[in-house]
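Chain letters run A, B, ... following the sequence lines, proteins first and then strands; every chain starts at 1.
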There are 2 protein chains.
Amino acid sequence: MRHEFKKKSRVMLIDDNYEHLSGIRELLNLEGTFDVVGIATNVTVGLNLIKKYQPDIVLLDMNMPERDGLQGIMEINKLGLNTKVLALSGYDDADLIFRAMKIGAKGYVLKTMASAQLIYAIEEVLNGKIYLPLALSSRFFEYFQKSFREETEKQNSQTDEENLLDALTQREEEVLELLTQGITYKGVANKLFISETTVKTHVNNIFQKLQVNDRTQAVLYAINNGFLTKKVKMAV
Amino acid sequence: MRHEFKKKSRVMLIDDNYEHLSGIRELLNLEGTFDVVGIATNVTVGLNLIKKYQPDIVLLDMNMPERDGLQGIMEINKLGLNTKVLALSGYDDADLIFRAMKIGAKGYVLKTMASAQLIYAIEEVLNGKIYLPLALSSRFFEYFQKSFREETEKQNSQTDEENLLDALTQREEEVLELLTQGITYKGVANKLFISETTVKTHVNNIFQKLQVNDRTQAVLYAINNGFLTKKVKMAV
DNA sequence: AAAGATATAGACCACATGGTCTACTTAATA
DNA sequence: TATTAAGTAGACCATGTGGTCTATATCTTT
(Lines give C-alpha, C1' and ligand atoms only; values in the text may rest on other atoms or scores of the structure.)
Protein backbone atom coordinates (compact mmCIF):
# COMPACT_ATOMS: atom_id res chain seq x y z
CA MET A 1 0.00 0.00 0.00
CA ARG A 2 1.19 3.42 -0.95
CA HIS A 3 1.91 6.34 1.24
CA GLU A 4 -1.65 7.49 1.97
CA PHE A 5 -2.71 10.78 3.59
CA LYS A 6 -5.62 13.10 3.59
CA LYS A 7 -4.94 16.09 1.40
CA LYS A 8 -5.09 19.34 3.32
CA SER A 9 -7.82 21.80 2.39
CA ARG A 10 -6.59 25.07 0.98
CA VAL A 11 -8.06 28.02 2.84
CA MET A 12 -7.89 31.77 2.33
CA LEU A 13 -8.84 34.50 4.80
CA ILE A 14 -10.03 38.00 4.05
CA ASP A 15 -10.70 40.29 6.98
CA ASP A 16 -9.74 43.89 7.60
CA ASN A 17 -9.13 43.10 11.25
CA TYR A 18 -5.61 41.75 11.25
CA GLU A 19 -5.78 40.37 14.77
CA HIS A 20 -8.83 38.33 13.98
CA LEU A 21 -7.16 37.20 10.80
CA SER A 22 -4.12 35.95 12.69
CA GLY A 23 -6.29 34.28 15.27
CA ILE A 24 -8.11 32.22 12.70
CA ARG A 25 -4.87 31.38 10.94
CA GLU A 26 -3.47 30.08 14.21
CA LEU A 27 -6.58 28.07 14.85
CA LEU A 28 -6.59 26.49 11.42
CA ASN A 29 -2.89 25.73 11.52
CA LEU A 30 -3.25 24.04 14.88
CA GLU A 31 -6.07 21.95 13.52
CA GLY A 32 -3.65 20.41 11.07
CA THR A 33 -6.05 19.56 8.29
CA PHE A 34 -6.02 23.02 6.77
CA ASP A 35 -3.48 24.87 4.73
CA VAL A 36 -3.89 28.63 4.92
CA VAL A 37 -2.61 29.60 1.50
CA GLY A 38 -3.19 33.31 1.78
CA ILE A 39 -4.54 36.14 3.85
CA ALA A 40 -5.67 39.62 2.89
CA THR A 41 -7.11 42.62 4.67
CA ASN A 42 -9.20 43.82 1.75
CA VAL A 43 -11.15 42.37 -1.13
CA THR A 44 -9.04 43.79 -3.94
CA VAL A 45 -5.86 42.12 -2.74
CA GLY A 46 -7.83 39.03 -1.78
CA LEU A 47 -9.20 38.61 -5.27
CA ASN A 48 -5.74 38.59 -6.78
CA LEU A 49 -4.56 35.99 -4.30
CA ILE A 50 -7.60 33.85 -5.03
CA LYS A 51 -6.88 33.99 -8.73
CA LYS A 52 -3.31 32.93 -8.05
CA TYR A 53 -3.81 30.20 -5.43
CA GLN A 54 -7.33 29.00 -6.23
CA PRO A 55 -8.18 27.96 -2.65
CA ASP A 56 -10.95 25.50 -1.82
CA ILE A 57 -12.62 27.96 0.50
CA VAL A 58 -12.45 31.61 1.43
CA LEU A 59 -13.47 32.93 4.82
CA LEU A 60 -14.69 36.40 3.96
CA ASP A 61 -15.50 39.12 6.44
CA MET A 62 -18.72 40.93 5.58
CA ASN A 63 -18.12 44.13 7.45
CA MET A 64 -15.33 45.84 5.60
CA PRO A 65 -15.08 49.39 4.32
CA GLU A 66 -14.97 50.27 0.62
CA ARG A 67 -15.42 47.15 -1.43
CA ASP A 68 -17.61 45.32 0.99
CA GLY A 69 -18.22 41.65 1.59
CA LEU A 70 -21.28 41.30 -0.60
CA GLN A 71 -19.42 42.59 -3.59
CA GLY A 72 -16.59 40.29 -2.64
CA ILE A 73 -18.83 37.23 -2.79
CA MET A 74 -20.09 38.18 -6.21
CA GLU A 75 -16.67 38.84 -7.61
CA ILE A 76 -15.24 35.62 -6.24
CA ASN A 77 -18.11 33.66 -7.75
CA LYS A 78 -17.69 35.51 -11.00
CA LEU A 79 -14.19 34.08 -11.27
CA GLY A 80 -15.81 30.76 -12.07
CA LEU A 81 -13.39 28.83 -9.88
CA ASN A 82 -14.42 26.10 -7.50
CA THR A 83 -13.75 28.37 -4.56
CA LYS A 84 -16.47 28.39 -1.91
CA VAL A 85 -17.22 31.41 0.21
CA LEU A 86 -17.96 31.21 3.91
CA ALA A 87 -19.16 34.58 5.14
CA LEU A 88 -17.99 35.89 8.50
CA SER A 89 -19.63 38.67 10.40
CA GLY A 90 -19.72 40.17 13.83
CA TYR A 91 -23.48 40.78 13.74
CA ASP A 92 -26.50 38.71 12.87
CA ASP A 93 -27.98 41.35 10.57
CA ALA A 94 -30.88 39.59 8.84
CA ASP A 95 -30.67 41.69 5.71
CA LEU A 96 -26.96 41.04 5.32
CA ILE A 97 -27.40 37.32 5.87
CA PHE A 98 -30.20 37.21 3.35
CA ARG A 99 -28.25 39.06 0.69
CA ALA A 100 -25.11 37.06 1.25
CA MET A 101 -26.93 33.74 0.91
CA LYS A 102 -28.85 35.05 -2.07
CA ILE A 103 -25.75 35.80 -4.05
CA GLY A 104 -24.13 32.48 -3.32
CA ALA A 105 -22.33 32.36 0.02
CA LYS A 106 -22.01 28.71 1.04
CA GLY A 107 -22.41 29.59 4.67
CA TYR A 108 -22.52 32.39 7.19
CA VAL A 109 -21.05 32.29 10.66
CA LEU A 110 -20.60 34.77 13.48
CA LYS A 111 -17.16 35.73 14.71
CA THR A 112 -18.34 35.06 18.23
CA MET A 113 -18.87 31.40 17.50
CA ALA A 114 -16.83 28.73 19.26
CA SER A 115 -13.77 27.58 17.38
CA ALA A 116 -15.04 24.04 17.11
CA GLN A 117 -18.18 25.25 15.42
CA LEU A 118 -16.21 27.32 12.95
CA ILE A 119 -14.12 24.29 12.07
CA TYR A 120 -17.30 22.29 11.63
CA ALA A 121 -18.79 24.98 9.39
CA ILE A 122 -15.70 25.02 7.21
CA GLU A 123 -15.75 21.26 6.88
CA GLU A 124 -19.42 21.19 5.98
CA VAL A 125 -18.91 23.77 3.27
CA LEU A 126 -15.88 21.93 1.96
CA ASN A 127 -18.05 18.83 1.74
CA GLY A 128 -20.35 20.70 -0.63
CA LYS A 129 -22.99 21.51 1.93
CA ILE A 130 -24.39 24.85 2.87
CA TYR A 131 -23.96 25.76 6.49
CA LEU A 132 -25.98 28.24 8.45
CA PRO A 133 -26.20 27.84 12.22
CA LEU A 134 -29.71 27.47 13.58
CA ALA A 135 -29.77 30.91 15.14
CA LEU A 136 -28.86 32.57 11.85
CA SER A 137 -31.12 30.43 9.71
CA SER A 138 -33.92 31.39 12.03
CA ARG A 139 -33.19 35.07 11.44
CA PHE A 140 -32.87 34.43 7.74
CA PHE A 141 -36.27 32.79 7.54
CA GLU A 142 -38.00 35.54 9.44
CA TYR A 143 -36.64 38.00 6.92
CA PHE A 144 -37.41 35.70 4.02
CA GLN A 145 -41.01 35.21 5.05
CA LYS A 146 -41.51 38.87 5.78
CA SER A 147 -40.41 39.87 2.29
CA PHE A 148 -42.65 37.29 0.68
CA ARG A 149 -45.55 38.34 2.82
CA GLU A 150 -45.10 41.92 1.68
CA GLU A 151 -44.91 40.79 -1.91
CA THR A 152 -48.09 38.79 -1.57
CA GLU A 153 -49.90 41.69 0.05
CA LYS A 154 -48.80 43.97 -2.75
CA GLN A 155 -50.15 41.54 -5.30
CA ASN A 156 -53.41 41.26 -3.46
CA SER A 157 -53.89 45.00 -3.33
CA GLN A 158 -53.29 45.04 -7.08
CA THR A 159 -55.82 42.30 -7.54
CA ASP A 160 -58.49 44.53 -6.06
CA GLU A 161 -58.18 47.03 -8.88
CA GLU A 162 -57.73 44.33 -11.42
CA ASN A 163 -61.44 44.10 -12.05
CA LEU A 164 -61.05 46.29 -15.09
CA LEU A 165 -59.20 43.45 -16.77
CA ASP A 166 -61.76 40.98 -15.50
CA ALA A 167 -64.45 42.86 -17.41
CA LEU A 168 -62.89 41.80 -20.70
CA THR A 169 -64.47 39.01 -22.70
CA GLN A 170 -62.42 36.06 -23.91
CA ARG A 171 -62.06 37.47 -27.37
CA GLU A 172 -61.08 40.83 -26.04
CA GLU A 173 -58.39 39.20 -23.93
CA GLU A 174 -57.04 37.49 -27.02
CA VAL A 175 -56.91 40.78 -28.85
CA LEU A 176 -55.28 42.54 -25.93
CA GLU A 177 -52.67 39.82 -25.69
CA LEU A 178 -51.74 40.39 -29.30
CA LEU A 179 -51.66 44.14 -28.73
CA THR A 180 -49.15 43.58 -25.91
CA GLN A 181 -46.89 42.08 -28.53
CA GLY A 182 -46.96 45.22 -30.58
CA ILE A 183 -48.98 43.81 -33.44
CA THR A 184 -51.03 46.05 -35.77
CA TYR A 185 -54.74 45.77 -36.43
CA LYS A 186 -54.01 44.04 -39.69
CA GLY A 187 -51.73 41.56 -37.98
CA VAL A 188 -54.27 40.80 -35.27
CA ALA A 189 -56.96 40.36 -37.92
CA ASN A 190 -54.85 37.80 -39.74
CA LYS A 191 -53.92 35.93 -36.58
CA LEU A 192 -57.51 35.67 -35.41
CA PHE A 193 -59.04 35.16 -38.87
CA ILE A 194 -61.40 38.09 -38.49
CA SER A 195 -61.67 41.38 -40.32
CA GLU A 196 -59.68 44.45 -39.41
CA THR A 197 -62.91 46.23 -38.59
CA THR A 198 -63.79 43.62 -36.02
CA VAL A 199 -60.43 44.04 -34.40
CA LYS A 200 -61.07 47.76 -34.19
CA THR A 201 -64.42 47.11 -32.58
CA HIS A 202 -62.83 44.86 -29.99
CA VAL A 203 -60.05 47.33 -29.36
CA ASN A 204 -62.49 50.14 -28.82
CA ASN A 205 -64.39 48.03 -26.34
CA ILE A 206 -61.15 47.21 -24.57
CA PHE A 207 -60.27 50.89 -24.33
CA GLN A 208 -63.61 51.71 -22.81
CA LYS A 209 -63.40 48.87 -20.30
CA LEU A 210 -59.86 49.75 -19.29
CA GLN A 211 -60.65 53.46 -19.35
CA VAL A 212 -57.78 54.37 -21.61
CA ASN A 213 -57.68 55.93 -25.04
CA ASP A 214 -54.84 54.37 -26.92
CA ARG A 215 -53.08 51.07 -27.36
CA THR A 216 -49.95 52.05 -25.51
CA GLN A 217 -51.89 52.86 -22.39
CA ALA A 218 -53.87 49.66 -22.76
CA VAL A 219 -50.68 47.63 -23.01
CA LEU A 220 -49.22 49.43 -20.02
CA TYR A 221 -52.34 48.81 -18.01
CA ALA A 222 -52.28 45.16 -18.96
CA ILE A 223 -48.65 44.73 -17.95
CA ASN A 224 -48.93 46.67 -14.72
CA ASN A 225 -51.97 44.74 -13.66
CA GLY A 226 -50.55 41.32 -14.18
CA PHE A 227 -52.40 40.47 -17.36
CA LEU A 228 -49.48 38.45 -18.66
CA THR A 229 -48.56 36.80 -15.39
CA LYS A 230 -52.20 35.95 -14.78
CA LYS A 231 -52.07 32.69 -16.68
CA VAL A 232 -48.66 31.69 -15.42
CA LYS A 233 -50.07 32.34 -11.94
CA MET A 234 -47.23 31.85 -9.54
CA ALA A 235 -47.71 28.25 -8.42
CA VAL A 236 -47.58 28.94 -4.68
CA MET B 1 -47.32 31.26 47.01
CA ARG B 2 -50.07 30.16 44.74
CA HIS B 3 -50.42 26.92 42.93
CA GLU B 4 -48.00 27.52 40.09
CA PHE B 5 -47.62 25.40 36.92
CA LYS B 6 -46.51 25.80 33.39
CA LYS B 7 -49.45 26.13 31.04
CA LYS B 8 -49.57 23.31 28.53
CA SER B 9 -49.17 24.20 24.87
CA ARG B 10 -52.18 23.43 22.74
CA VAL B 11 -51.27 21.29 19.75
CA MET B 12 -53.23 20.04 16.75
CA LEU B 13 -52.24 17.30 14.34
CA ILE B 14 -53.25 16.93 10.69
CA ASP B 15 -52.05 13.85 8.84
CA ASP B 16 -53.82 11.44 6.57
CA ASN B 17 -51.86 8.57 8.04
CA TYR B 18 -53.84 7.71 11.16
CA GLU B 19 -51.14 5.52 12.65
CA HIS B 20 -48.57 8.25 12.45
CA LEU B 21 -51.12 10.61 13.88
CA SER B 22 -51.69 8.37 16.88
CA GLY B 23 -48.01 7.86 17.35
CA ILE B 24 -47.35 11.55 17.65
CA ARG B 25 -50.30 12.01 19.92
CA GLU B 26 -48.91 9.34 22.22
CA LEU B 27 -45.51 10.93 22.15
CA LEU B 28 -46.81 14.39 22.97
CA ASN B 29 -49.08 13.11 25.72
CA LEU B 30 -46.21 11.23 27.33
CA GLU B 31 -44.14 14.38 27.21
CA GLY B 32 -46.62 15.99 29.52
CA THR B 33 -46.14 19.60 28.48
CA PHE B 34 -48.45 19.38 25.49
CA ASP B 35 -52.16 19.20 25.18
CA VAL B 36 -53.31 17.65 21.91
CA VAL B 37 -56.57 19.50 21.43
CA GLY B 38 -57.51 17.95 18.10
CA ILE B 39 -56.53 15.62 15.32
CA ALA B 40 -57.69 15.40 11.72
CA THR B 41 -56.86 13.28 8.70
CA ASN B 42 -57.54 16.01 6.15
CA VAL B 43 -57.19 19.76 5.84
CA THR B 44 -60.88 20.55 5.52
CA VAL B 45 -61.78 18.99 8.85
CA GLY B 46 -58.57 20.30 10.36
CA LEU B 47 -59.40 23.88 9.45
CA ASN B 48 -62.72 23.71 11.24
CA LEU B 49 -61.10 22.30 14.35
CA ILE B 50 -58.48 25.04 14.24
CA LYS B 51 -61.15 27.68 14.07
CA LYS B 52 -62.87 26.08 17.03
CA TYR B 53 -59.90 25.33 19.30
CA GLN B 54 -57.37 27.91 18.18
CA PRO B 55 -54.29 25.81 19.00
CA ASP B 56 -50.85 27.32 19.55
CA ILE B 57 -49.34 25.08 16.91
CA VAL B 58 -50.43 22.72 14.16
CA LEU B 59 -48.29 19.84 12.96
CA LEU B 60 -49.32 19.57 9.34
CA ASP B 61 -48.43 16.74 7.01
CA MET B 62 -47.37 18.01 3.59
CA ASN B 63 -48.03 14.89 1.60
CA MET B 64 -51.78 14.54 1.57
CA PRO B 65 -54.14 13.98 -1.35
CA GLU B 66 -56.67 16.59 -2.50
CA ARG B 67 -56.23 19.74 -0.51
CA ASP B 68 -52.53 19.42 0.06
CA GLY B 69 -50.29 20.73 2.76
CA LEU B 70 -49.20 23.92 1.02
CA GLN B 71 -52.76 25.04 0.63
CA GLY B 72 -53.32 24.07 4.23
CA ILE B 73 -50.56 26.39 5.41
CA MET B 74 -51.99 29.28 3.47
CA GLU B 75 -55.49 28.75 4.69
CA ILE B 76 -54.42 28.40 8.29
CA ASN B 77 -52.44 31.62 8.05
CA LYS B 78 -55.34 33.31 6.35
CA LEU B 79 -57.41 32.71 9.48
CA GLY B 80 -55.34 35.41 11.13
CA LEU B 81 -55.05 33.46 14.38
CA ASN B 82 -51.84 33.09 16.32
CA THR B 83 -51.57 29.47 15.25
CA LYS B 84 -48.13 28.44 14.04
CA VAL B 85 -47.63 25.75 11.45
CA LEU B 86 -44.90 23.13 11.67
CA ALA B 87 -44.71 21.20 8.43
CA LEU B 88 -44.17 17.45 8.48
CA SER B 89 -43.06 15.40 5.55
CA GLY B 90 -41.64 12.02 4.73
CA TYR B 91 -39.28 13.38 2.09
CA ASP B 92 -36.75 16.18 1.92
CA ASP B 93 -38.09 17.55 -1.36
CA ALA B 94 -36.28 20.87 -1.80
CA ASP B 95 -39.07 22.44 -3.81
CA LEU B 96 -41.67 21.52 -1.23
CA ILE B 97 -39.54 22.81 1.61
CA PHE B 98 -38.92 26.04 -0.24
CA ARG B 99 -42.56 26.65 -0.98
CA ALA B 100 -43.68 25.74 2.52
CA MET B 101 -41.24 28.16 4.11
CA LYS B 102 -42.08 30.81 1.56
CA ILE B 103 -45.74 30.83 2.45
CA GLY B 104 -45.11 30.97 6.15
CA ALA B 105 -44.46 27.57 7.73
CA LYS B 106 -42.62 28.15 11.01
CA GLY B 107 -40.63 24.99 10.55
CA TYR B 108 -40.24 21.84 8.55
CA VAL B 109 -39.28 18.45 9.94
CA LEU B 110 -39.02 14.95 8.57
CA LYS B 111 -41.15 12.15 9.92
CA THR B 112 -38.04 10.05 10.23
CA MET B 113 -36.58 12.40 12.81
CA ALA B 114 -35.94 11.28 16.36
CA SER B 115 -38.74 12.06 18.80
CA ALA B 116 -36.55 14.27 20.90
CA GLN B 117 -35.75 16.41 17.91
CA LEU B 118 -39.41 16.72 17.03
CA ILE B 119 -40.17 17.85 20.56
CA TYR B 120 -37.33 20.35 20.30
CA ALA B 121 -38.64 21.65 16.98
CA ILE B 122 -42.11 22.14 18.42
CA GLU B 123 -40.73 24.00 21.40
CA GLU B 124 -38.60 26.26 19.24
CA VAL B 125 -41.55 27.16 17.08
CA LEU B 126 -43.71 27.75 20.14
CA ASN B 127 -41.03 30.14 21.36
CA GLY B 128 -41.51 32.18 18.21
CA LYS B 129 -38.48 30.88 16.38
CA ILE B 130 -38.31 29.28 13.00
CA TYR B 131 -36.92 25.78 13.00
CA LEU B 132 -35.37 23.95 10.09
CA PRO B 133 -32.90 21.17 10.81
CA LEU B 134 -29.47 21.65 9.29
CA ALA B 135 -29.94 18.95 6.69
CA LEU B 136 -33.15 20.55 5.43
CA SER B 137 -31.88 24.10 5.56
CA SER B 138 -28.94 22.96 3.50
CA ARG B 139 -31.31 21.58 0.88
CA PHE B 140 -33.36 24.73 1.08
CA PHE B 141 -30.39 26.96 0.42
CA GLU B 142 -29.20 24.96 -2.53
CA TYR B 143 -32.59 25.42 -4.08
CA PHE B 144 -32.76 29.05 -3.04
CA GLN B 145 -29.40 29.89 -4.56
CA LYS B 146 -30.12 27.96 -7.70
CA SER B 147 -33.26 29.92 -8.39
CA PHE B 148 -31.52 33.21 -7.78
CA ARG B 149 -28.62 32.20 -9.96
CA GLU B 150 -30.99 31.47 -12.79
CA GLU B 151 -32.67 34.80 -12.28
CA THR B 152 -29.35 36.60 -12.34
CA GLU B 153 -28.21 34.79 -15.46
CA LYS B 154 -31.44 35.72 -17.18
CA GLN B 155 -30.86 39.35 -16.28
CA ASN B 156 -27.28 39.21 -17.47
CA SER B 157 -28.20 37.73 -20.81
CA GLN B 158 -30.67 40.57 -21.15
CA THR B 159 -27.98 43.04 -20.24
CA ASP B 160 -25.88 41.89 -23.14
CA GLU B 161 -28.50 42.92 -25.62
CA GLU B 162 -29.30 46.02 -23.65
CA ASN B 163 -26.80 48.06 -25.59
CA LEU B 164 -29.61 49.10 -27.88
CA LEU B 165 -30.94 51.20 -25.02
CA ASP B 166 -27.47 52.44 -24.25
CA ALA B 167 -27.27 53.91 -27.73
CA LEU B 168 -29.96 56.44 -26.87
CA THR B 169 -28.99 60.02 -26.14
CA GLN B 170 -30.18 61.75 -23.00
CA ARG B 171 -32.93 63.54 -24.78
CA GLU B 172 -34.06 60.40 -26.49
CA GLU B 173 -34.25 58.66 -23.13
CA GLU B 174 -36.44 61.46 -21.83
CA VAL B 175 -38.74 61.10 -24.79
CA LEU B 176 -38.85 57.33 -24.45
CA GLU B 177 -39.69 57.63 -20.80
CA LEU B 178 -42.68 59.78 -21.66
CA LEU B 179 -43.70 57.32 -24.36
CA THR B 180 -43.72 54.57 -21.75
CA GLN B 181 -46.37 56.57 -20.00
CA GLY B 182 -48.61 56.50 -23.02
CA ILE B 183 -48.30 60.19 -23.82
CA THR B 184 -48.92 61.53 -27.35
CA TYR B 185 -46.47 63.50 -29.42
CA LYS B 186 -48.32 66.67 -28.53
CA GLY B 187 -48.13 65.83 -24.84
CA VAL B 188 -44.43 65.09 -24.99
CA ALA B 189 -43.85 68.32 -26.89
CA ASN B 190 -45.57 70.30 -24.16
CA LYS B 191 -43.76 68.53 -21.36
CA LEU B 192 -40.35 69.07 -22.90
CA PHE B 193 -41.07 72.55 -24.29
CA ILE B 194 -40.15 71.57 -27.83
CA SER B 195 -42.17 71.32 -31.01
CA GLU B 196 -44.14 68.29 -32.00
CA THR B 197 -41.92 67.85 -35.00
CA THR B 198 -38.86 67.59 -32.84
CA VAL B 199 -40.53 64.92 -30.79
CA LYS B 200 -41.21 63.02 -33.98
CA THR B 201 -37.59 63.30 -34.99
CA HIS B 202 -36.47 61.95 -31.64
CA VAL B 203 -39.01 59.17 -31.78
CA ASN B 204 -37.88 58.15 -35.23
CA ASN B 205 -34.31 58.03 -34.05
CA ILE B 206 -35.36 55.93 -31.08
CA PHE B 207 -37.16 53.49 -33.36
CA GLN B 208 -34.11 53.08 -35.51
CA LYS B 209 -31.81 52.58 -32.55
CA LEU B 210 -34.12 50.06 -30.92
CA GLN B 211 -34.86 48.44 -34.26
CA VAL B 212 -38.62 48.65 -33.89
CA ASN B 213 -41.23 50.40 -35.96
CA ASP B 214 -43.87 51.66 -33.61
CA ARG B 215 -44.26 53.11 -30.16
CA THR B 216 -45.84 50.05 -28.62
CA GLN B 217 -42.88 47.92 -29.56
CA ALA B 218 -40.53 50.59 -28.32
CA VAL B 219 -42.30 50.70 -24.97
CA LEU B 220 -42.28 46.92 -24.74
CA TYR B 221 -38.61 46.84 -25.54
CA ALA B 222 -37.92 49.46 -22.92
CA ILE B 223 -39.85 47.61 -20.25
CA ASN B 224 -38.46 44.18 -21.07
CA ASN B 225 -34.93 45.46 -21.07
CA GLY B 226 -35.08 47.16 -17.75
CA PHE B 227 -35.31 50.72 -18.96
CA LEU B 228 -37.49 51.68 -16.03
CA THR B 229 -35.73 49.59 -13.41
CA LYS B 230 -32.37 50.80 -14.65
CA LYS B 231 -32.36 53.75 -12.34
CA VAL B 232 -33.72 51.83 -9.38
CA LYS B 233 -31.03 49.20 -10.01
CA MET B 234 -31.64 46.29 -7.67
CA ALA B 235 -29.30 46.90 -4.76
CA VAL B 236 -27.71 43.43 -4.66
C1' DA C 1 -11.00 75.46 -38.74
C1' DA C 2 -13.36 71.28 -39.85
C1' DA C 3 -15.96 67.26 -38.60
C1' DG C 4 -19.25 64.91 -35.86
C1' DA C 5 -22.80 64.45 -32.58
C1' DT C 6 -26.88 66.41 -30.60
C1' DA C 7 -31.05 69.00 -30.38
C1' DT C 8 -34.02 71.60 -32.80
C1' DA C 9 -37.77 72.13 -36.49
C1' DG C 10 -40.34 72.47 -41.01
C1' DA C 11 -42.67 70.13 -45.09
C1' DC C 12 -45.01 66.41 -47.23
C1' DC C 13 -47.22 62.10 -47.46
C1' DA C 14 -49.16 57.43 -46.63
C1' DC C 15 -51.36 54.92 -43.57
C1' DA C 16 -52.57 53.37 -38.93
C1' DT C 17 -55.36 54.48 -35.22
C1' DG C 18 -59.34 55.82 -32.62
C1' DG C 19 -64.40 57.46 -32.40
C1' DT C 20 -69.06 56.79 -33.60
C1' DC C 21 -72.99 54.53 -35.68
C1' DT C 22 -75.37 50.89 -37.57
C1' DA C 23 -76.33 45.95 -38.30
C1' DC C 24 -76.27 40.97 -38.55
C1' DT C 25 -75.61 36.19 -36.21
C1' DT C 26 -75.39 33.11 -32.53
C1' DA C 27 -75.82 31.52 -27.95
C1' DA C 28 -77.28 32.06 -23.45
C1' DT C 29 -80.90 33.67 -20.41
C1' DA C 30 -85.09 35.48 -18.64
C1' DT D 1 -90.41 33.84 -27.06
C1' DA D 2 -88.06 37.99 -26.11
C1' DT D 3 -83.97 39.82 -24.39
C1' DT D 4 -79.22 40.28 -23.62
C1' DA D 5 -74.27 39.53 -24.32
C1' DA D 6 -70.72 38.40 -27.47
C1' DG D 7 -68.64 38.26 -31.83
C1' DT D 8 -68.75 39.71 -36.29
C1' DA D 9 -68.36 43.59 -39.83
C1' DG D 10 -69.19 47.76 -42.79
C1' DA D 11 -68.96 53.04 -43.47
C1' DC D 12 -67.15 57.50 -42.48
C1' DC D 13 -64.01 60.72 -40.70
C1' DA D 14 -60.61 63.22 -37.87
C1' DT D 15 -56.38 62.81 -36.09
C1' DG D 16 -52.28 60.47 -34.61
C1' DT D 17 -48.37 58.07 -36.17
C1' DG D 18 -44.38 56.85 -38.82
C1' DG D 19 -41.06 57.68 -42.98
C1' DT D 20 -38.12 60.63 -45.42
C1' DC D 21 -35.68 64.70 -46.53
C1' DT D 22 -33.83 69.06 -45.53
C1' DA D 23 -31.94 72.59 -42.52
C1' DT D 24 -30.42 75.25 -38.56
C1' DA D 25 -27.75 76.08 -34.03
C1' DT D 26 -24.65 74.29 -30.43
C1' DC D 27 -21.13 72.00 -28.60
C1' DT D 28 -17.41 68.89 -28.52
C1' DT D 29 -13.55 66.79 -30.59
C1' DT D 30 -10.02 66.46 -33.88
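Side-chain N or O atoms of B/Asp35 include none that pairs as donor or acceptor with a backbone N or O of B/Val37 at under 3.5 Å.
Counting any heavy atom pair closer than 4.0 Å across all strands shown, A/Thr198 reaches a base atom. Residue A/Lys186 is in sugar-phosphate contact alone, with no base atom involved, counting any heavy-atom pair closer than 4.0 Å across all strands shown. Within 4.0 Å of B/Thr197, counting heavy atoms only, lies at least one base atom of the nucleic acid.
Distances were taken from every side-chain heavy atom of B/Phe207 (C-beta onward) to each of D/dG18, C/dG18, C/dG10; the shortest belongs to D/dG18. Taking only side-chain atoms of A/Arg171, from C-beta outward, the nucleotide of D/dT8, C/dA9, D/dT17 with the closest atom is D/dT8.
Between A/Asn205 atom CG and D/dA5 atom C1' there is a gap of 11 Å when expressed in whole angstrom units. Distance NE2 (A/His202) to C1' (D/dA9): 10 Å, rounded to an integer number of Å. Per the geometry, CD belonging to B/Gln208 stands 18 Å off P belonging to D/dT17, to the nearest Å. Spacing between atom CD1 of A/Ile183 and atom C1' of D/dT17 amounts to 18 Å, rounded to whole angstrom units. Regarding A/Phe193, its CZ atom lies at a distance of 17 Å from the P atom of D/dG7, rounded to whole Å. As a whole-Å value, the separation of B/Lys200 NZ from C/dG10 P is 11 Å. Rounded to whole Å, atom C1' of D/dT8 lies 13 Å from atom CD of A/Glu172. The interatomic distance linking B/Asp214 (CG) with C/dA16 (P) rounds to 11 Å, in whole Å.
Considering only side-chain N and O atoms, B/Asn204 lies under 4.0 angstrom from the phosphate OP1 or OP2 of D/dG19. Under 4.0 angstrom from either OP1 or OP2 of C/dG18 there lies at least one side-chain N or O belonging to A/Tyr185. Here B/Ser195 reaches the OP1 or OP2 of C/dG10: one of its side-chain N or O atoms lies under 4.0 Å away. When the side-chain nitrogen and oxygen atoms of B/Asn213 are compared with OP1 and OP2 of D/dG18, none of them lie within a distance under 4.0 Å. Side-chain nitrogen and oxygen atoms of A/Thr169 include none within less than 4.0 Å of the OP1 or OP2 phosphate oxygen of D/dA5.
Other residues, nucleotides and ligands contribute more than 12 heavy atoms inside 6.0 Å of the CG atom of A/Asp95.
Residues A/Pro55 and A/Val11 fail the side-chain proximity criterion, which asks for heavy atoms closer than 4.5 Å.
Annotation: of the two residues near DNA chain C, B/Leu192 and A/Thr216, the 5′-most nearest-nucleotide partner is B/Leu192. Mapping A/Thr201 and A/Thr184 onto DNA chain C by nearest heavy atom places A/Thr184 closer to the 5' end of the strand.
Aromatic pair B/Phe141/A/Phe140: ring centres closer than 6.0 Å. The aromatic ring centres of B/Phe144 and A/Phe98 sit less than 6.0 Å apart.
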